[in-house]
Amino acid sequence: MTCADPVANSDQTILDYLFRPMGVDGVYARTRRYEDVVDALQSLISRHRPDEAVVFRFPPVMSLRQLEKQGYLNSFPQLLGCVCALHGTEADVAAAVNRAKEGEDWTRGATSAGLVLSPAACYPVYPIAAENGPVPEEGLTFDVAADCFRHEPSKDLDRLQSFRMREFVRIGAPAQIVVFREQWMKIAESIAESLRLPFVFDRASDPFFGRIGVLMAANQIEQALKFELLIPVRADSAPTACMSFNYHREHFGKTWELVDQQGELAHSGCVAFGIDRLALALFAMHGLNVEEWPGDVQEILRLK
Ligand code: AMP
Ligand code: ZN
């Protein structure tokens, strides 16, 4: 074993120690042992928050219309989960309940509640930013977080359907976004080093849907629009993307008519921390007992 190998904790051992099954792959109850580390990670990230950042904590759902408007359905329809409910009169609802009693699928009678499960923490922030009129010269910075959902069922503990994402978002001129992303890649590097997590950076692409998606992904890589910080969380497979550094160009500016003082479309970028993957990486790398983690790691996380 080299120092860069995760401690040999199988998924089953980690599952037994840190989670409780909830009957569906990729959806777990989290234990106190795990949540204490999640809280510590969130606090560590907060200590790096730029002073000017506006903070929002979003619920796990967002407007279906807003997500449609930004083109999510063309790019990632396979990942999306939407909220349905029983509408109509009391008799309509009772009829659905009765169908369930007869062993039929009651959800056939359910229709959209106008909500989706948020697939990323930053999506709701752009329309909020646009409400305030033109972006100021110095740009805008946000600290956002949400419980996210992506329909990618898997038994791997680093690929969840429901997971937590924390993001810093920057809206402004192209140069401001580029500087922001560079700064955050440096900060992320120092955070990973201080946590003694081995990592590499790589260009990356999002899992765009379908044949056109292949082109979009290639384009994203070619234009270096997405970088990821990858950590070898699992001993037997490729390293896992635990943070991403994204440049959206004018995509959200165009969608939400976000403009600068001169009326030019604003650009945006975000840095996303996969909180559950980072927590898992810590346990995989340093072992299941936090008290036995390297002292400096415990200190950085203020766990002792
Ligand atoms: P992305 O928007 O795909 O760049 O995702 C941002 C971060 O969320 C990634 O770097 C991961 O750390 C985390 N993430 C994405 N998908 C999952 C998943 N299925 N399970 C756990 N964490 C995830
Ligand atoms: Zn984002």
Side-chain angles (χ1 to χ4, degrees), residues 11 14 18-19 24-28 30 34 38 41-42 45 53 56 58 62 67 70 72 75-76 78-81 117-129 140-171 177 180-181 184-185 188 191-192 197 199-209 213 216-217 220-221 225-234 238-249 251-252 255 267-282 284:
D11 268 13
I14 290 181
L18 302 178
F19 303 107
V24 181
D25 288 342
V27 180
Y28 301 103
R30 302 112 175 186
Y34 180 79
V38 163
L41 269 171
Q42 293 278 23
I45 295 166
F56 289 116
F58 296 121
M62 64 173 284
L67 202 74
Q70 65 161 66
Y72 194 87
S75 300
F76 313 108
Q78 77 283 16
L79 298 179
L80 189 56
L117 301 172
S118 294
C122 70
Y123 292 151
V125 91
Y126 308 101
I128 292 177
L140 297 167
T141 307
F142 296 94
D143 165 359
V144 298
D147 276 52
C148 294
F149 174 88
R150 291 184 187 174
H151 183 237
E152 42 183 357
S154 160
K155 295 209 182 299
D156 297 340
L157 293 177
D158 58 350
R159 185 162 300 283
L160 304 173
Q161 294 204 76
S162 183
F163 55 94
R164 284 157 294 180
M165 204 187 288
R166 173 85 178 264
E167 298 194 49
F168 291 107
V169 182
R170 187 94 170 101
I171 300 175
I177 314 302
F180 166 83
R181 189 164 73 155
W184 272 103
M185 286 175 76
I191 290 178
L197 294 170
F199 63 89
V200 289
F201 281 104
D202 205 356
R203 283 192 193 195
S205 62
D206 288 310
F208 292 105
F209 182 69
M216 289 168 83
Q220 198 180 21
I221 291 186
L225 297 180
K226 186 179 190 82
F227 285 93
E228 286 177 334
L229 182 145
L230 304 123
I231 301 175
V233 174
R234 331 177 79 242
T240 303
C242 292
M243 302 179 204
S244 71
F245 310 84
N246 307 284
Y247 181 17
H248 318 125
R249 304 184 58 91
H251 175 76
F252 293 106
T255 304
H267 282 224
S268 67
C270 65
V271 37
F273 297 81
I275 297 294
D276 288 286
R277 283 190 178 167
L278 285 168
L280 189 71
L282 283 164

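Counting convention: from 1, in listed order, for ligands and their atoms alike. Atoms considered below: every heavy atom in the structure, side chains included; atoms not considered: hydrogens, waters and symmetry mates.
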Using distance alone, with no hydrogens and no angle criterion, decide if [X] and [Y] have a side-chain donor and acceptor under 3.5 Å apart.
X: Thr240; Y: Arg277; answer: no
X: Gln161; Y: Asp25; answer: no
X: Arg166; Y: Gln42; answer: yes

Heavy-atom pair with the smallest gap, counting every atom of Pro119 and Leu67
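Pro119 and Leu67 have their closest heavy atoms at CG-CD2, 4.0 Å.
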Sub-4.0 Å atoms of ligand 1 with respect to non-hydrogen atoms of [X]:
X: Leu160; result: 18 (C), 19 (N), 20 (N), 21 (C)
X: Ser244; result: 1 (P), 4 (O), 6 (C), 10 (O)
X: Met243; result: 10 (O)
X: Ala272; result: 6 (C)

Can you list the steps and then say if Asp206 with Lys226 is a salt bridge (Lys or Arg N to Asp or Glu O under 4.0 Å)?
CA-CA 8 Å; Asp206 288 310; Lys226 186 179 190 82; 3.0 Å; yes
With a 3.5 Å distance limit and no angle check, can you tell me whether Tyr34 reaches the backbone of Asp276 through a side-chain donor-acceptor pair?
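Answer holds: yes.
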Kindly give the atom name of the N, O or S atom of Glu167 closest to the Zn ion (ligand 2).
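Relative to the Zn ion (ligand 2), the closest nitrogen, oxygen or sulfur of Glu167 carries the name OE1.
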Side chain or backbone of [X] under 4.0 Å from ligand 1, or both, or neither, by non-hydrogen atoms?
X: Cys242; answer: backbone
X: Lys226; answer: side chain
X: Arg150; answer: side chain
X: Asp158; answer: backbone

Is there a polar contact between ligand 1 and [X], counting only N or O atoms under 3.5 Å apart?
X: Phe273; answer: no
X: Met165; answer: no
X: Glu152; answer: yes
X: Arg159; answer: no

For a distance under 2.8 Å, tell me if His248 has an N/O/S atom near the Zn ion (ligand 2).
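Short answer: no, not a single N, O or S atom is under the cut-off.
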Between [X] and [Y], what is the ring plane arrangement, given parallel below 30°, perpendicular above 60°, and tilted in between?
X: Phe252; Y: His248; answer: perpendicular
X: Tyr72; Y: Tyr123; answer: perpendicular
X: Phe199; Y: Phe201; answer: perpendicular
X: Phe76; Y: Phe208; answer: parallel

Determine whether any heavy atom of Ala120 lies closer than 4.0 Å to an atom of ligand 1.
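Contact absent.
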Vertex the Zn ion (ligand 2), arms to Cys270 SG and Cys122 SG, rounded to 10°
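Here the angle at the metal atom is close to 130°, to 10°.
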Do Arg234 and Asp156 sit within salt-bridge range, that is, some charged N less than 4.0 Å from a carboxylate O?
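Yes, this pair counts.
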What protein heavy atom is closest to atom 13 (C) of ligand 1, reported as residue, atom name and distance in Å?
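I find the closest protein heavy atom is Gly274 CA, 3.7 Å.
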